[in-house]
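Since the structure comes first, as structure tokens, the remarks are kept for the end.
We're numbering straight along the sequence, starting at 1.
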Amino acid sequence: MSTPHARLTAVAVHLPDHTLTTAELEDRLAEHNPGLTVPRGLVTRFSGVRRRHLAPPTELPSDLAVAAARKLWARSGADPGRVDLLLYAGVCLDVLEPATGHVVAAKLGLDCPVIDVRNACNGVCNAIEIADAFIASGAYRTVLVACGETCTKVMPWTIGGHQEYVDHAAAFTLSDAGAALLLEADAEPGVLVRRFVARSAAWRAATVPLAYGSGGTRTGGFVVDGVALAEGVGGIPGDTLRTVLADHGLTWDDLAAVCVHQAALPALWATCDHFGIPRDKVVVTIADHGNVAAATLPLQLARLTGTGRVRRGDLVALVGVASGVSVGLVVLRW
């Protein structure tokens with residue numbers, strides 16, 4: 001019997017209807033901090049973000065993941081009962097224990113094993129890698145990858161001063177979304193390339209610390225040292241991804257499109273230039289949707305396949321860039 005291969009057969013994204021423009025965000029900050037002069041336009045200038053999605057306060061990460069999965073079933077016609085493994089790959093969690101994958105599975109009515117896969121914004125890429133390995137081993141045949149990001153909950157609305165505003169400015173680029181991808185066993189390879197590298201010495205460059213106290217466990221906001229983060233990514237040789245492609249007989253020109261993680265527009269173009277990714281292969285989502293963490297690459301893929309820019313049989317790359325620091329490359333045949 002031939003070895004089975006993983007094939008991505010469906011992708012869907014759920015974006016909350018309520019949005020907040022950057023101008024509206026600055027108005028809200030000014031209202032909450034009457035003693036602070038809010039620098040107008042700073043967030044847009046350093047990130048390119050004009051608008052972000054806000055989930056209702058009562059919605060949890062699992063709710064957004066479930067909404068995306070239900071859209072996937074409705075649009076693809078796939079049978080949820082065939083899912084024999086669920087990988088939850090979001091940055092955001094419902095609870096520290098148990099795995100949020102259990103919550104997602106319960107809400108979807110699935111009766112299968114679950115695993116939480118967490119690697120900052122590279123979670124979905126790593127989940128694809130794991131699904132590909134599991135399917136190739138014969139352990140599972142149909143794997144649902146899902147994530148739900150309620151990143152806007154770490155936005156600090158009370159600011160102690162101008163420096164604190166600058167330190168936490170990256171939090172104001174965050175956005176909420178859910179994503180779901182279905183990988184199934186197939187006779188032909190669908191995941192052609194998967195390679196990850198890390199420079200873990202730079203882990204302090206972007207953090208969401210946990211604060212422990214009498215009020216319980218809570219997140220301590222999103223703090224980014226942009227210079228250290230850029231240096232961490234820049235420490236990975238620029239020819240790394242091109243070399244991986246070449247090892248598989250590919251170049252960027254062979255790809256219909258390249259999805260690249262987007263935390264800020266200048267950082268996106270710097271990443272493309274560093275790794276030699278042609279800018280015209282990239283679809284920009286950061287401006288109108290903000291940084292949706294691990295849902296970013298599925299969002300771009302859903303846009304590309306939904307508009308017909310990527311058609312069945314085309315090759316598309318996912319380039320993940322995540323705090324930690326890690327960079328990943330996955331090439332799929334859609």
Side-chain angles (χ1 to χ4, degrees), residues 43-50 91 119-126 128-129 149 151 169-170 173-175 177 193-207 222 224-246 250-301 303-304 309-310 315-332:
V43 170
T44 300
R45 285 198 301 274
F46 91 79
S47 71
V49 176
R50 299 190 297 260
V91 173
N119 185 18
C121 297
N122 266 344
V124 165
C125 278
N126 287 122
I128 292 173
E129 178 184 37
E149 305 293 26
C151 304
T173 69
L174 299 175
S175 184
V193 179
R194 44 181 174 89
R195 172 71 187 279
F196 292 84
V197 295
R199 294 293 181 269
S200 299
W203 73 267
R204 292 178 179 83
T207 62
F222 185 41
V224 176
D225 181 335
V227 174
L229 187 59
E231 289 176 347
V233 175
I236 298 171
D239 63 352
T240 299
L241 303 186
R242 288 194 298 268
T243 300
V244 174
L245 289 173
L250 298 171
T251 70
W252 295 119
D253 292 337
D254 294 313
L255 307 174
V258 182
C259 303
V260 185
H261 180 69
Q262 299 172 23
L265 192 58
L268 165 64
W269 299 135
T271 298
C272 289
D273 294 345
H274 180 66
F275 291 114
I277 301 169
R279 292 190 179 194
D280 61 358
K281 296 281 187 181
V282 176
V283 56
V284 177
T285 53
I286 182 74
D288 294 325
H289 302 291
N291 178 2
V292 290
T296 299
L297 297 178
L299 170 60
Q300 294 172 43
L301 185 58
R303 289 285 184 267
L304 290 165
R309 181 172 165 183
V310 170
L315 299 183
V316 59
L318 309 182
V319 177
V321 181
S323 55
V325 173
S326 69
V327 171
L329 172 65
V330 175
V331 177
L332 306 166

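Scanning both residues, Leu255 and Lys281, for their nearest heavy atoms gives O-NZ, 2.6 Å. When all heavy atoms of Arg199 and Ile236 are compared, the closest pair comes out as CG-CG1, 3.8 Å. Scanning all heavy atoms of the two residues, the minimum distance from Gly328 to Asn122 falls at N-ND2, 3.9 Å. Closest heavy-atom contact between Leu265 and Gly48: CB-CA, 4.2 Å. Contact detail for Ala120 and Ala294: the closest heavy-atom pair is O-CB, 4.1 Å. Taking both residues in full, the closest heavy atoms of Ala177 and Val292 are given as CB-CG1, 3.7 Å, listed atom of the first, atom of the second, then distance.
The distance from the CG atom of Asn126 to the CZ atom of Arg194 is 10.5 Å, given to the nearest 0.5 Å. Distance check: Trp252 CH2 to Leu315 CG gives 12.0 Å after rounding to the nearest 0.5 Å. The distance from atom CG of Leu241 to atom CD1 of Ile277, rounded to the nearest 0.5 Å, is 6.0 Å. Taking CD of Glu231 as the start and CG of Leu229 as the end, the distance is 10.0 Å to the nearest 0.5 Å. Ile286 contributes atom CD1, which lies 10.5 Å from atom CZ of Arg50 (distance to the nearest 0.5 angstrom). With rounding to the nearest 0.5 angstrom, the OG1 atom of Thr173 is 14.5 Å from the NE2 atom of His289.
Within the 4.5 Å cutoff, no side-chain heavy atoms of Val258 are placed close to those of Gln300. Considering only heavy atoms from C-beta on, Cys121 stays 4.5 Å or farther from Thr296 through its side chain. Residues Thr285 and Leu299 meet the side-chain proximity criterion, which asks for heavy atoms closer than 4.5 Å. Contact annotation: the side chain of Thr251 approaches that of Asp254 to within less than 4.5 Å [non-hydrogen atoms, C-beta and beyond].
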Inset, instruction - Give the C-alpha distance, both sets of side-chain angles, the deciding distance and a yes or no for side-chain contact (heavy atoms from CB on, under 4.5 Å) between Glu149 and Val91. - result: CA-CA 7 Å; Glu149 305 293 26; Val91 173; 3.5 Å; yes

Inset, instruction - For Gln262 and Val284, run side-chain contact (heavy atoms from CB on, under 4.5 Å): C-alpha distance rounded to whole Å, both residues' side-chain angles, the deciding distance at 0.1 Å, then the answer. - result: CA-CA 8 Å; Gln262 299 172 23; Val284 177; 4.0 Å; yes

Legend entry - Residues Val327, Phe275; criterion side-chain contact (heavy atoms from CB on, under 4.5 Å); working and verdict: CA-CA 11 Å; Val327 171; Phe275 291 114; 4.2 Å; yes

Inset, instruction - Give the C-alpha distance, both sets of side-chain angles, the deciding distance and a yes or no for side-chain contact (heavy atoms from CB on, under 4.5 Å) between Val49 and Asn291. - result: CA-CA 8 Å; Val49 176; Asn291 178 2; 6.0 Å; no

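Screening Val244, Val197, Leu318, Thr240 for a side-chain contact (heavy atoms from CB on, under 4.5 Å) involving Leu329 leaves a single residue, Val244.
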